[in-house]
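Each remark here refers to the structure printed beneath this line.
As the structure is a prediction and not an experimental result, all values here were calculated from the model. In what follows, chains are A, B, ... by sequence order, proteins preceding strands, each numbered from 1. Below, each value reflects all heavy atoms present in this structure, side chains not excepted, and no hydrogens, waters or symmetry copies.
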There are 2 protein chains.
Amino acid sequence: MASQLSSETSTTVRKTLEFVQHHRLAKGDRLPSERELSERFGVARSSVREALAVLDAMRITERKPKSGIFLRNAVEDGGLDTLVLQADLGLAFDPQVTRDVTEARIICEEQALRLACQRRTEADLTKLRRLLDAYAAIIDADGNPSDADVEFHLALVAASQNRILVRTLTPLMLMSTTWRRRYFDSAAIRRRSLDDHRAFVDAVEARDEAAAAALVKRHVQTAAADVRALAEQGSATATNTT
Amino acid sequence: MASQLSSETSTTVRKTLEFVQHHRLAKGDRLPSERELSERFGVARSSVREALAVLDAMRITERKPKSGIFLRNAVEDGGLDTLVLQADLGLAFDPQVTRDVTEARIICEEQALRLACQRRTEADLTKLRRLLDAYAAIIDADGNPSDADVEFHLALVAASQNRILVRTLTPLMLMSTTWRRRYFDSAAIRRRSLDDHRAFVDAVEARDEAAAAALVKRHVQTAAADVRALAEQGSATATNTT
DNA sequence: CCTACCAATCTGGTCTGACCAGATCAAGGC
DNA sequence: GCCTTGATCTGGTCAGACCAGATTGGTAGG
């Protein structure tokens, strides 16, 4: 969640998170008052309050009436939405986080694919083929397929007929793909990714659970390793991707 | 996420969701203007705007400047946070949703427990034993252990050393437990739940993956079945739990 | 010197009203 | 009938105000 908020609210959320990180605030610490934040950020208190409502809803902060604003979870310890928000904002990540995301994605996607093999409908297959074509069209036009990649993976999971799994994997996918946007710069990788996707659909169509499970494991792990290599390479010159 | 928002914001969020449901609004539909909502709900526009900021962040609505407020996802199609929010607000649920949540929980918790068997530390075991005692104390005092239940399950998952899995399961746990609050009214169920929890810790300590996996599957499925029975029983008199 | 109490101050919660600029739409001119 | 145009509506943002409870610092009493 938490993309494309109104500009002012979005920037205020960002500034607040940066404030927390910069001042090394931890769980339970108190933030400056709304009035001070509004002055510090150069926006009206109402704008600060909108940002705080978002942070509150994300369980990052807690506003105690007549008392103050307290950190509920450190930014590093927030919910998945917080992480997606951080990825959107281009903030840096603990390498451990990317490893955990990869592991979680493999767990959920593998089981989802197994279910998909059992339950996929003809409509699912049709949709997947269509997304496959769209994906191919994008890379033929030399575009960045990161959004199409998310859409495809989620459609694959949706074939499990479990909408909760889709919603669970959505933030994980969004995070990975934010990181992978640069990664898709390589034409070879785009092509390999498309081949993998085709193999997914074939396995699901053939109801071959074992093949699907093995494929997704390799696909995600390979991609994650490539991203990690790219990140380490990049971190020689820059600490984060802002 | 999205519990314990400030009272006004929370109720306004609720009213807005109810408005959407009541008027059968679908994706892309337009909501009344902020000014009209504020009048309709009897609160100031600033309060409406705070609620809309939350709904925006949850990707439920989209505010197009100078144009209007549009539904991005139908309430039924929102993210996990939306569902947790709905559960918090006591709104009704599609039975399919509870089934999907159960399935997703089993998938994630089973794999998390397997990892926990491999990676659990002494500190994890100490914490789990402590939570077990706290749980026992609560049911001895005839209290409702739903919060302790969430805490225990999440600690169990945390022993997998994968923080993303914890965050992924958090909303699923929160949802289940909101539903299960009534369910814990039965002393027999509270006792059985405690026994299950003890067995979890024993299996993780013994690093017995197969036992842990089987246990969690049975535990979650049994609980879900009981809740479903309770819900069907309750729905004879009331459609939802408001 | 320490404690207990009280008032000034600070804080979040909420409301009112205002201005801006772009989107929308209906009325009027061609 | 089509296009222009201006009134109107919308979200975005701001300033300032009041409330009531939490906090706190200083003072009076022990």
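Summarising the geometry, the separation between CZ on B/Arg30 and P on D/dT10 is reported as 6 Å, rounded to the nearest angstrom. Rounded to a whole Å, the CZ atom of A/Arg63 is 17 Å from the C1' atom of D/dA22. Whole-Å rounding puts the A/Glu50 CD to D/dC14 C1' distance at 12 Å. Protein atom CZ of B/Phe70 is 17 Å distant from nucleotide atom P of D/dC9, rounded to whole Å. If you take CD1 of B/Ile69 and P of D/dC9, they are 16 Å apart, rounded to a whole angstrom. Atom-to-atom, CD of B/Glu34 to P of D/dC14 comes out at 14 Å; the value is rounded to the nearest Å. Following rounding to the nearest Å, B/Arg49 (CZ) and C/dT16 (P) show an atom-to-atom distance of 16 Å. Taking atom CD of residue B/Glu39 and atom P of nucleotide D/dG11, one finds them 14 Å apart after rounding to whole Å.
Side chain of A/Glu151 to backbone of A/Asp149: no donor-acceptor contact under 3.5 angstrom is found. Side-chain N or O atoms of B/Asp124 include one that pairs as donor or acceptor with a backbone N or O of B/Thr121 at under 3.5 Å.
B/Leu52 comes within 4.0 angstrom of nothing in the nucleic acid, heavy atoms only.
Residues A/His197 and A/Ser193 are in side-chain contact: their nearest non-hydrogen atoms beyond the backbone lie under 4.5 Å apart. With contacts defined as side-chain heavy-atom distances shorter than 4.5 Å, the pair A/Val43/A/Val48 qualifies.
Exactly one residue among B/Val157, B/Leu156, B/Leu174, B/Ile164 makes a side chain to side chain contact (heavy atoms under 4.5 Å, CB included) with B/Leu169. That residue is B/Val157.
Under 4.0 angstrom from either OP1 or OP2 of C/dT11 there lies at least one side-chain N or O belonging to A/Ser33.
Salt-bridge check for B/Arg63 with B/Asp56: passed, with a basic side-chain N closer than 4.0 Å to an acidic carboxylate O.
Place A/Ser46 and B/Gly68 on DNA chain D by their nearest nucleotides, and B/Gly68 ends up nearer the 5' end.
Every residue meeting the side chain to side chain contact (heavy atoms under 4.5 Å, CB included) condition with A/Lys64, not counting sequence neighbours, appears here in chain and number order: A/Glu62, A/Ser67, A/Phe70.
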I'd like a list of close polar pairs between nucleotides 18-24 of chain C and the protein, N/O only, cut-off under 3.5 Å.
| unit_1 | atom_1 | unit_2 | atom_2 | d |
| --- | --- | --- | --- | --- |
| C/dA18 | N6 | B/Arg45 | NH2 | 3.3 |
| C/dA23 | O4' | B/Lys66 | O | 3.3 |

